[in-house]
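Counting starts at 1 for both ligands and their atoms, in listed order. Note: hydrogens, waters and symmetry copies are ignored here, and every other heavy atom, side chains too, is used.
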Amino acid sequence: MKKILYIMGVSGSGKSTIGNKLSEALQLPFFDGDDFHPDANIQKMSAGSPLNETDRKPWLKLLNKLAIKELQNKGAVIACSALKESYREVLSNKIESEVKWIFLDGDIALILNRLKNRSSHFMPASLLQSQFDSLERPKSAITISIRNNPGTIIEEIIKKLKMKERREFGLIGLGVMGKNLSLNLAENGINLSLYNRQVEGVEEKVAEKFIQEQKLLENALGFEDLALFVSSLSQPRSILLMVKAGAALDELINEMIPYLSEGDVLIDGGNSHYKDTKRRIDFLKEKQIHFIGTGISGGEVGARNGPSIMPSGSVEAYKLVKPYLEVIAAKDSEGKTCCTYIGKDGAGHFVKMVHNGMEYAEMQLIAECYGLMRYGSGKTPDEIAQVYQSWMETGLSSYLLEITIKILKTKEGEDWLIDKILDKAGNKGTGSWTSIAAAELGIPSSMMTAALFARYTSSFKKNRIENEAIHKIHEPRSTHDMDHEILKKAYEFARLINHQQGFELIQAASTAYKWELNLSEIARIWTNGCIIRSSLMEDLVPVLKTSKNILNDADILPNVIKSLEALTEVLHLGLQSRQATPCFSAAINYWYASTNGQSTANIIQAQRDFFGAHRYHRTDDNSETTYHTNWSNL
Ligand code: 6PG
């Protein structure tokens, strides 16, 4: 942005020297205000008389005209004492927002000393006291002590000027994700303002401290005052909110509203519920503020190096934040960004939620394979890691398998760390939201629900131990030798079903909410950066361009048919070795049920009609007519 930099201060403070050097450093023209004084003013000052208001006015106006003219070009550095607020008002008339004040500050003794050594200037030292008397210290200037040498002063001015510039992107919430996203944004050349709330004794000066620790953030500004943070951003503002989803986010939004302006964009990057996102979009729309809800997947490392980003809201708002989100996202195998506009409303958060549901099932399948190998056939964690490694190398590579190999190999002294980790799975809620959404939409997303319930079952550790002591069914059993190729095939097949269920759920929401989601594009942005990235996801990008049902795709179908026997065998082994395999079971049951033209739901319908007169359709009548039988009379 073009600027007029007024170097101000009393006579002898070094305005000409500093102004000249600063103009060289910034490659801007320099004008010394003294050169614009009318002769009468110079004579008056040389005679030892201070200038009065009438003397000064035309001179100040002339400098203001000069500044306006220079703004048509590159801007300029202008040295002028500008001692009083009223003078500064004249100097910045009509160009207030383009003017920056640089105040050269020094005490009278230091300046007197300098003036005594300066014979060429028309201002006698005797006038200095009158200058100090007139000086009204500026409130919003960059104040620089003149004690340092000119080189240091110039460096300091340039640094402070940078700090005064408005930042292009704001981020609120410096938790693990917020911190890593800030570094990612900064590394991509984005000028940041960062805000973190202040909680006495717990979170204090978090943003400032983080900036000081990180070289990458040397140009960033840190705040714990929301008003100042918002005003440090150029408009329309783009602000990424990385705070806890739920009530805390609503509170923050309400707190921010008074400081925001029409056209600003808030981006919620947390794991918010998609219905909350829609509510927030509608609420803020009334205030002409945009709201983008975006799923961000990839955890800490993804946030730093490139996550998968799933934004939704209005297209107009997305256009404003697109450059920032796209530049920080991971890249797919063709170098395209793993960020795409998902759709309107909370579609982005819905898609991220299903991602997490699929993530639960992917994790559970790996855990079930581990259980079968560890407790069914007595393999060590290292041996299991080797099996997984061979799968990785033969067409089944995925991020989750990769990290599990590392986990299994990790030791604490002689012991495997995995054996010291308590077997109670936590969850933050997105898995249950996915199962609830599936139920609401009437979609049988059984694998993610089985994985969720497996986590819940695991959490009852005390009960499990008590029950084990009573039933003794898990006493050491003869181990069987498991064919890892069979397990691999079963795993491969179950993963296909998990992916089919995930995309089926997304498609159902797309139809129900008229989101017009592009399944292939969603798969594409999940090929890198996110937790469920895998070679399978890569394969699904072209498949989902034409097929709605992955399992029926001509290229995938032969694998499905080949793997069915393997899945049956693995389940059999699970039952034999008394290892729970809820996710594998859900997969095969879904497959059997959804490929069977004759289900058993006629019994259900008959029972419903029997006890509740709920009526049924008949196989020998294709119309919409429903029937009721008077069962008790039969
Ligand atoms: C991701 C993850 C991320 C987070 C999960 C964990 O995509 O980066 O899914 O969002 O790790 O929310 O969820 P649970 O605590 O429910 O396992």
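Protein heavy atom in closest approach to atom 5 (C) of ligand 1: N356 ND2, 3.8 Å. Distance from atom 8 (O) of ligand 1 to its nearest protein heavy atom, with residue and atom name: G298 N, 2.8 Å. Of the protein's non-hydrogen atoms, R455 NH1, 2.8 Å is the one closest to atom 17 (O) of ligand 1. Atom 7 (O) of ligand 1 has as its closest protein heavy atom S297 OG, 2.5 Å. Of the protein's heavy atoms, Y360 OH, 2.4 Å lies nearest to atom 16 (O) of ligand 1. Of the protein's heavy atoms, K352 NZ, 3.9 Å lies nearest to atom 3 (C) of ligand 1. Residue, atom and distance of the protein heavy atom nearest to atom 4 (C) of ligand 1 are N271 ND2, 4.5 Å. Nearest protein heavy-atom neighbour of atom 9 (O) of ligand 1: E359 OE1, 2.6 Å.
Taking 4.0 Å as the cut-off between side-chain N and carboxylate O, K336 and E326 do not count as a salt-bridged pair. Classification of E218 and K215 as a salt-bridged pair holds, one side-chain N sitting under 4.0 Å from a carboxylate O. Ion pairing between E521 and R524 holds under the 4.0 Å rule for side-chain N and carboxylate O. E466 has a carboxylate O that lies under 4.0 Å from a charged side-chain N of K462, or vice versa, which qualifies the two as a salt bridge. Salt bridge annotation for R495-E362: present, with a cationic side-chain nitrogen under 4.0 angstrom from a carboxylate oxygen.
Of the candidates I289, L226, D264, M256 forms a side chain to side chain contact (heavy atoms under 4.5 Å, CB included) with just one, namely L226.
For ligand 1, the atoms closer than 4.0 angstrom to any heavy atom of I531 are 1 (C), 2 (C), 7 (O), 8 (O). With ligand atoms numbered from 1 in the order given, ligand 1 contributes 7 (O) to contacts under 4.0 Å with heavy atoms of H355.
With a heavy-atom cut-off of 4.0 Å, M177 does not touch ligand 1 at all. Under 4.0 angstrom from ligand 1, the non-hydrogen atoms of N427 come from both its backbone and its side chain.
The closest approach between any non-hydrogen atom of M363 and ligand 1 is not below 4.0 Å. For G299, the heavy-atom gap to ligand 1 drops under 4.0 angstrom.
With ring centers used as reference points, W526 lies 6.0 Å or more from Y399.
Note: Y324 and F169 have tilted aromatic rings, judged against thresholds of 30 and 60 degrees for the angle between ring planes. The aromatic rings of F229 and Y195 sit tilted, their planes meeting at an angle between 30° and 60°.
Distance remark: protein heavy atom not present below 4.0 angstrom from atom 11 (O) of ligand 1.
By the neighbour-count criterion of 12 heavy atoms within 6.0 Å, atom NZ of K319 is sparsely surrounded, having that number or fewer from other residues, nucleotides or ligands.
For ligand 1, one of its N or O atoms has an N or O atom of K428 under 3.5 Å away. The shortest N or O to N or O distance between I296 and ligand 1 is not under 3.5 Å.
Geometrically, K285 does not engage F291 in a cation-pi contact, judged by NZ or CZ lying under 6.0 Å from the ring centre and within 45° of the ring axis.
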